[in-house]
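Throughout, a chain's letter reflects where its sequence line sits, starting with A, and its residues are numbered from 1.
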Protein chains: 2
Amino acid sequence: MSKIIHFKNKPSIISCGNCVGKLESDGPLKEYFDLTDPDSKFGMETWEKAESEMVRRAYEVALNKAKLRSEDISLVFGGDLSNQCTATALGMKSSGVAYAGLYGACSTFALGLGLSAMSVEGVSAERAAALASSHYSSAERQYRYPLEYGCQRTPTAQNTVTAAGCAVLSKQIKNEPIVSDFLPGIIYDAGITDVNNMGAAMAPAAADTVTRYFNEANCSPSDFDCILTGDLGIEGHSIFLELCRTKGLELSGVSNDCGKMIYDTERQTVNSGGSGCGCSAAVFTGPIYTKLKNKELRDVLLIGTGALLSPTTVLQNETIPGIAHLVRIRSEI
Amino acid sequence: MSKIIHFKNKPSIISCGNCVGKLESDGPLKEYFDLTDPDSKFGMETWEKAESEMVRRAYEVALNKAKLRSEDISLVFGGDLSNQCTATALGMKSSGVAYAGLYGACSTFALGLGLSAMSVEGVSAERAAALASSHYSSAERQYRYPLEYGCQRTPTAQNTVTAAGCAVLSKQIKNEPIVSDFLPGIIYDAGITDVNNMGAAMAPAAADTVTRYFNEANCSPSDFDCILTGDLGIEGHSIFLELCRTKGLELSGVSNDCGKMIYDTERQTVNSGGSGCGCSAAVFTGPIYTKLKNKELRDVLLIGTGALLSPTTVLQNETIPGIAHLVRIRSEI
């Protein structure tokens, strides 16, 4: 049975919006971001409320660009890293839109894109939206240590990206980028236990999804302008390339990683690069979508990558499985 | 724009499986449950691992009943209440199946049913599965107090159900119950702040979804054998009925609540009844599905209800919004 979902009706991405933190707006992709804030608090009193506010704004910007109102959207797929995914839920509570909460860890944006495409492909929805967010400061205190503690991190640790990104999809609109394929990921446990090396935990899942895609899709890496993993970071991306190589897939010329792109890893202190649901959401809704729209990019694979752990599972000596959801996005000629 | 998703291709629920704790297997629905365990630990050393094991077993039982293997399933939609939804993810990690993680709080099972129906309705999937779980002991220590503390609870508090339930859906199979409609919920904030009264937080969302359904669907309560809310409990269900009444919808003769059905609330010490993702998952995959299959029930509305909070949002003085996803299930004549 074929595992790749091919969309024949050309679900189109008609607009994108995003909202990023101070560090991200100071990085190499700054020109592609819609909104930012000098203290990454967006006028709120806590980091958690700031993240919800980013979600609200990213959704609003995406709607505004498409000249749509919330009632024009049939269904929003969204999620984040916070316990019980409250950043997205509270960010969307004033929207009045039907809401399907997702949890895919850092793969959430790609999962949302795939499910949005699935719902506009059929009869289910006229338009759908995918959104995902993360905030460095809310994630640090939930997963690691309070910021005030000033804990030093290992070189393989990644920096949670402060960002929310939203993509609006519609039944085919001529000339807009389309989602052509979706390959949902399988949970892959490579036995990794180092919580400071999420890249290593997610890379095997990414390699699994990508090699399954190429084995089934009858295409080769050179058919793509860009094969983009979600947030493996410097360490994880090199493991990913090596794993693909051992499976006979050479991707080094065409592959990049959102966690490497979003920061200047030489100049900015981000250890192994960016991570978090907001990382691939911001990079996709920023430079990638812009370049798909103006045809600088023609054919892109986005592989959202997530590490399926919690502080509790780590304390209980569980390994850290990964998951990777793949979506193929093409600019329409 | 119509908000109800009508499925024309008759996505069929071909099998269900469940696995419940000691208290649930001692309740009025015991004959409808597949698996249980005398100490609710299922051979595991922690409550969290026990919950993952329930997920694994419920999925396995559902597959076995349908004489399917995991590779026959295109996509599983699943989730739970644990931080980062690890109960489901770790329970599914040996399955080798494509996995889309959901977070809908206690509405997760209905959301999964709706999205599974959506994916088998179109070209996306041949078969899909919905699953959800919760465990009293892992939820208590995550949301409230350690069990050892022996904290007394208020009369409006509900008892988190220890259960996992799974439903397998397929493109139409003659004579099997079908999902005919799906109305995804809108986040509804009634300003509730009492964390010991989740029923009150969810009831307004349930009333909103149900009244929107009846306003649009051109049918009346008497068309249904059963209008079943997810887990409002005794207190929440009476609020729900009252809210519907003020909107001109009298449901008292035909409505029931999974949180009231799963326990003998006179005999068992469960305060306002059951709650948790596993509550509606177990009641649906148990008695409701059995009766739909043998035509004792012909037409059922299941309204999964969730409260969108976390311990952090409560500490930050956020209100508790609710969400309610509706699915209509009919027995095929």
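The most heavy-atom pairs under 4.5 Å with chain B, out of A:S310, A:G122, A:S52, A:P321, come from A:S310. Chain B forms more heavy-atom pairs under 4.5 Å with one residue of A:I5, A:V76, A:L81 than with any other, namely A:I5. Chain B forms the most heavy-atom pairs under 4.5 Å with one residue out of A:G114, A:G185, A:G104, and that residue is A:G185. Here B:N83 is the residue among B:T209, B:T46, B:N83 with the most heavy-atom pairs under 4.5 Å with chain A.
Looking only at side-chain heavy atoms (C-beta outward), A:N317 and B:E45 stay at 4.5 Å or farther from each other. In this structure the side chain of B:I186 never reaches within 4.5 angstrom of the side chain of A:V97, judged on heavy atoms. For the pair B:T86/A:L308, no side-chain contact is recorded, criterion being any heavy-atom separation below 4.5 Å from C-beta on.
At a 4.5 Å heavy-atom cutoff, the contact between B:H325 and chain A is made by side-chain atoms alone. The part of B:R141 that comes within reach of chain A is its side chain, from C-beta onward, which places non-hydrogen atoms under 4.5 angstrom from that chain. For A:A100, the parts lying near chain B are the backbone and the side chain together; criterion is any non-hydrogen pair under 4.5 Å. Using a 4.5 Å cut-off between heavy atoms, B:L90 contacts chain A through its side chain alone, with no backbone atom that close. Only the backbone of A:S82 comes within less than 4.5 Å of a heavy atom in chain B; its side chain stays farther off. Contacts of B:Y188 with chain A are absent, with no heavy-atom separation under 4.5 Å from either backbone or side chain. With a 4.5 Å cut-off on non-hydrogen atoms, A:S119 touches chain B through its backbone and its side chain both. Contact of B:S95 with chain A is not made at all, since no heavy-atom distance falls under 4.5 Å. For a residue to count as touching a neighbouring chain, one of its non-hydrogen atoms must lie under 4.5 Å from one of that chain's; by this rule B:A89 touches chain A with backbone and side chain alike.
Residue B:M118 holds its CE atom at 12.5 Å from CD of A:E121, rounded to the nearest 0.5 Å. Between the CZ atom of A:F77 and the CG atom of B:L115 there is a distance of 5.0 Å, given to the nearest 0.5 Å.
In terms of heavy-atom proximity, B:Y99 sits nearest to A:I323 at O-CD1, 3.4 Å. Of all non-hydrogen atoms in A:T319 and B:K93, the two that sit nearest each other are OG1-NZ, 3.3 Å. Across all non-hydrogen atoms, the minimal contact from B:T312 to A:E48 is CG2-CG, 4.1 Å. In plain terms, the two heavy atoms of A:Q316 and B:K49 that are nearest each other are O-NZ, 3.0 Å. The two residues B:P311 and A:Q84 make their nearest non-hydrogen contact at CD-OE1, 3.7 Å. Taking every heavy atom of both residues into account, A:P184 and B:L75 meet most closely at CB-CD1, 3.7 Å.
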